[in-house]
There are 2 protein chains.
Amino acid sequence: MAAPPASSWRDEGQPPGEVDRLYLEIFDAVIDQRLRPGVKLTEAVLCDAFACSRSTVRAALAQLQHDKIVELQPNRGAFVAQPDIKETRDVFEARRMVEAAILDKLLSLPDLPDRLQQLWQMVRQERAAFERQDRVSWIRLSNAFHVQLVRLAENEVLTELMNSLCSRTSLIIALYDKPGCSACSFDEHEQILQQLSRGDRQGAQHAMRQHLQDCEERMHFADRNVPDPWTMFHRQL
Amino acid sequence: MAAPPASSWRDEGQPPGEVDRLYLEIFDAVIDQRLRPGVKLTEAVLCDAFACSRSTVRAALAQLQHDKIVELQPNRGAFVAQPDIKETRDVFEARRMVEAAILDKLLSLPDLPDRLQQLWQMVRQERAAFERQDRVSWIRLSNAFHVQLVRLAENEVLTELMNSLCSRTSLIIALYDKPGCSACSFDEHEQILQQLSRGDRQGAQHAMRQHLQDCEERMHFADRNVPDPWTMFHRQL
DNA sequence: TTCCAAAATATTGTTGACAATTATCGACAG
DNA sequence: CTGTCGATAATTGTCAACAATATTTTGGAA
């Protein structure tokens, strides 16, 4: 078995083709904020950085555009997406709806406490990453928490949806979150788990809604983290 | 203004590029059930049928794969997707969650009755299509109703999600619905609108959930509409 | 110095060709 | 007649070259 890839929370399909590999590489780079929103993704550069042909790069970029991770301007090139205020509102509203509804279903599962075990574990990892100032791991784990929670419902459609929403949230945080304060705190994750464990439907839903609300309100649209045009991309593995 | 394209319910972006055009052509063909689930989409054939290069075809197919409209098997080719029982369950469950949650939000809009006007109009068109046995238009309008309803909430993320879910539903219907009975009846659409008009939250949510439940239960997995391997694709415009 | 136009450069869009993999068909042994 | 093996054909994955478009630089005049 190969070493677990950087993002262990994404469901890994069959043997990854060349284009899939590139897709994941760029995707991870964006989510980890090594590629900041707004930077231009010149095909030749990616081509050179990942040792593949331009057709491969173009295919990967097309998929990323479809995921709203990059914006593809005709005849101008690809840029890491810069979600605006409206998109931020829409993404968080969708998350509140979906994740609250999910909790409802989870509480109907007979073996919920067992399944929550791994999530408690995950929150501990979040705390550890936070305390050792490992921002990249921490963002990744924060997303993983939400995705993993949805995954308990065993609904592929919703799981993939949450994956997409979390990715877009990462971009939003990269743009509008102050580096100092934490956008998605593990305390609140713990609270949600507690409410779930004791079977409190109202409490769990409220905790989740509040958590996402807080997350959204921590965004500062006034002075956004402007992308540095000179921050060119180079592979840093 | 150009003549309205076949699918008027999809949000049309800026000038469509070559790949977008192909994407829509194939998409519509699948939704309209001119391309049945399971048929192989050979690149050269599409290439020839739509008068474009293979790179364009490949890009379009990649996007369609991402939307779960076609399945892309490595080194084997593209096939129109054949959602299984599990996927059917997941899609309908997701729809129940999302669409019920949407109703909640719609009822908080002050000018809801005004916005519902166009939906009443749409239901009338559904009935008309049904009565003149126009199955293609009718399936299209049924989808349009649900998408348009979500669109009233003015949330791009949810609108695109519903678009995707309705597309997948079309595939499911193509596979598992008996041609005789109607999967998504306009009567039930009317009921939902009525409950919404009178501001009955419980009633509207129940009507929507029941509608989707009925829709799902009308699927027959035993004898599925097996794809005819000899049914090769040729453009029929 | 500042502004504008035009050449020069860089980047993207498209096409075609080649390599790698898979599907098909026929021969042949059991 | 059935099933397996091997060669041929068809299809996909990848790459490199060319055309079209955008960006930058250069040069000159107000």
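Each chain gets a letter, A, B and so on, in the order the sequences are listed, and its residues count up from 1.
- In this structure, L46(A) places its CG atom 16 Å from C1' of dA10(C), rounding to the nearest Å.
- A salt bridge does not link K86(A) with D84(A): none of the charged nitrogens is closer than 4.0 Å to a carboxylate oxygen.
- For dA10(C), neither phosphate oxygen OP1 nor OP2 lies less than 4.0 angstrom from any side-chain nitrogen or oxygen of K40(A).
- Put simply, CG on L41(A) is 13 Å from P on dT11(C), counting in whole angstrom units.
- The listed nucleotides are dT12(C), dT15(C), dC15(D); the one nearest the side chain of T56(B) is dT15(C).
- A straight line from CG of D20(A) to C1' of dT14(D) spans 14 Å, rounded to a whole angstrom.
- With DNA chain D read from its 5' end, the first of the two nearest nucleotides for N75(A) and A44(B) is the one closest to A44(B).
- For the pair E43(B) and R54(A), nearest-nucleotide mapping onto DNA chain D gives the more 5' position to E43(B).
- Aromatic ring orientation, H189(A) versus F145(A): parallel (interplanar angle below 30°, classes split at 30° and 60°).
- A straight line from CG of L61(A) to P of dT11(C) spans 15 Å, rounded to a whole angstrom.
- Whole-Å rounding puts the F79(B) CZ to dT12(D) C1' distance at 11 Å.
- Of the side-chain N and O atoms in S55(B), none sit less than 4.0 angstrom from OP1 or OP2 of dG13(C).
- In this structure, R89(B) and E216(B) have side chains that are in contact, with non-hydrogen atoms separated by less than 4.5 Å.
- Taking CD of Q63(A) as the reference point, atom CZ of R58(A) lies at 13.5 Å (rounded to 0.5 Å).
- The side chain of S53(B) contributes no N or O atom lying less than 4.0 Å from OP1 or OP2 of dT14(C).
- Set against dT12(D), dA23(C), dT11(C), the side chain of R76(B) has dA23(C) as its closest nucleotide.
- Side-chain nitrogen and oxygen atoms of R58(A) include at least one within less than 4.0 Å of the OP1 or OP2 phosphate oxygen of dG13(C).
- Between the CG atom of L72(A) and the P atom of dT11(C) there is a distance of 16 Å, rounded to whole Å.
- Annotation: Q133(A), atom CD; neighbour count of heavy atoms from other residues, nucleotides and ligands within 6.0 Å does not exceed 12.
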